[in-house]
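In what follows, a single structure is set out as structure tokens and then discussed.
In what follows, chains carry the letters A, B, and so on, assigned in the order in which the sequence lines appear, proteins first and then strands, with residues in each chain numbered from 1. Just so you know, these numbers come straight off a predicted model, no measurement behind them.
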There are 2 protein chains.
Amino acid sequence: MATTTAAQRRQQARIEYDAFIKSCPTNQLLDRISDKWVSLIVSALADAGGPMRYSDLGRKIAGVSPKMLTQTLRSLERDGILSRTVTPSVPVRVDYELTPLGTNLSCLLTAVKDWAEHHIEEVVEARERYDASSEAS
Amino acid sequence: MATTTAAQRRQQARIEYDAFIKSCPTNQLLDRISDKWVSLIVSALADAGGPMRYSDLGRKIAGVSPKMLTQTLRSLERDGILSRTVTPSVPVRVDYELTPLGTNLSCLLTAVKDWAEHHIEEVVEARERYDASSEAS
DNA sequence: GTGCCTACTTACCAATGGATAGTAACTCTT
DNA sequence: AAGAGTTACTATCCATTGGTAAGTAGGCAC
């Protein structure tokens with residue numbers, strides 16, 4: 001009991017490091033913006049160059065469920081990346097638009113999207129090579 | 001039966017669009033690199049400036065489970081973003097290193113990380129404003 | 001009234017991801 | 001020679017997340 005094993009020491013170090021990381025807001029923010037739906041929503045709004053309605057986003061980002069769309073939009077609104085404007089017209093109308101902060105972020109995410117477009121062929125080739133050598137085992 | 005309702009037409013449009021999106025490799029790649037653990041692994045390797053071992057990565061990226069670490073490393077290796085080198089020494093030793101393609105990508109992901117570091121205060125303020133106005137309802 | 005419109009919310013269920021323990025293969029200690 | 005320790009994983013279980021489909025509000029057209 002008095003001696004600490006290597007396993008115990010490792011465990012201890014891990015807990016302390018964990019706590020440090022979890023209290024670091026930068027890492028939390030990085031996690032948030034490294035999200036699949038966040039990239040797609042922000043780049044959709046950047047492409048549009050102006051406000052988009054809920055259903056416009058749902059149509060442009062095919063594959064997103066209404067639940068996920070609402071959830072992600074709310075979290076982006078909370079983070080000040082986009083603004084939500086409700087117009088109480090005949091059927092209610094909701095517009096989403098990037099804030100200056102969101103526009104700033106969209107430049108980076110667009111760069112990532114462009115990277116994907118430019119390097120997709122290299123990645124596909126790498127996958128084929130990897131799969132071919134795995135099957136040869 | 002002969003008439004198609006608006007709901008049916010919407011459903012149909014959605015399925016067609018879905019199929020289109022799912023067969024678009026660029027979107028698949030964007031999804032892959034918009035992952036939390038991918039960002040952290042690639043930026044860890046970029047920071048190191050050289051190869052890192054499995055356990056080094058596990059320690060630097062505190063909070064990652066061995067399962068997720070292995071899974072993400074394998075998929076990045078398959079995509080040609082990093083290389084995996086096994087040295088069959090006394091205890092086996094595995095080194096991971098960014099390929100030129102991975103180094104290229106790391107520039108973008110580092111830019112995103114820096115953005116998070118520079119704008120975290122604005123985001124925190126936006127959250128406080130949002131939470132304060134929500135509670136006042 | 002019945003149905004339709006938008007923008008959601010809710011309920012349910014399958015899949016993803018995290019915590020923890022175990023494995024292989026070999027070496028070093030006792 | 002038995003047991004502990006090393007690295008780099010697998011395997012298992014379980015909580016959380018995310019997708020699907022259906023329901024809701026509130027007003028207008030038919």
Every protein N/O within reach of nucleotides 10-18 of chain D N/O, cut-off under 3.5 Å:
unit_1, atom_1, unit_2, atom_2, d
dG18(D), N7, K67(A), NZ, 3.2

For dC8(C) and R53(A) - does any side-chain N or O of the residue sit under 4.0 Å from the phosphate oxygens OP1/OP2? no
Answer whether the closest heavy-atom distance between the side chains of R74(B) and R84(B) falls below 4.5 Å. yes
In whole Å, I'd like the distance from the CG atom of L57(B) to the P atom of dA8(D). 10 Å
Please enumerate all residues that pass salt bridge (charged side-chain N to carboxylate O under 4.0 Å, His left out) together with D114(B), with sequence neighbours excluded. none
Does OP1 or OP2 of dA8(D) have a side-chain N or O of S55(B) closer than 4.0 Å? yes
I need the CG-C1' distance between D95(B) and dA8(D), as an integer number of Å. 12 Å
The criterion is side-chain hydrogen bond (donor to acceptor under 3.5 Å, both in side chains); which residues satisfy it with W37(A), sequence neighbours excluded? none
When every non-hydrogen atom of W115(B) is compared with those of N104(A), the smallest separation belongs to NE1-OD1, 2.9 Å
Rounding to an integer number of Å, can you tell me how far E77(B) CD sits from dC9(D) C1'? 14 Å
So which atom in V42(A) and which in G102(A) form the shortest heavy-atom distance, rounded to 0.1 Å? CG1-O, 4.3 Å
Take the protein atom CG of L69(B) and the nucleotide atom C1' of dT16(C), then report the distance between them rounded to whole Å. 17 Å
Could I get the full list of side-chain hydrogen bond (donor to acceptor under 3.5 Å, both in side chains) partners for R127(B), not counting sequence neighbours? D79(A)
Inter- and intrachain pairs under ring-ring contact (aromatic ring centres under 6.0 Å, His included), touching residues 78-108 of chain A, at least two apart: none
Heavy-atom closest contact (V112(A) atom, L108(B) atom, distance): CA-CD1, 4.0 Å
Sidechain N-carboxylate O distance under 4.0 Å for K36(B), D31(A): yes
Quick one: L40(B) CG to dG18(C) P, roughly how many Å, whole number? 11 Å
Using a 4.0 Å heavy-atom cut-off, write out nucleotides 24-30 of chain D from 5' to 3' as B (base contacted by protein), S (sugar-phosphate only) or - (no contact). ----S--
Taking CZ from R59(B) and P from dC9(D), how many angstroms apart are they, rounded to a whole number? 14 Å
Just the rounded figure in Å: distance from C1' of dA8(D) to CG of L73(B). 11 Å
Rounding to a whole Å, what distance do you find between R32(B):CZ and dT16(C):P? 12 Å
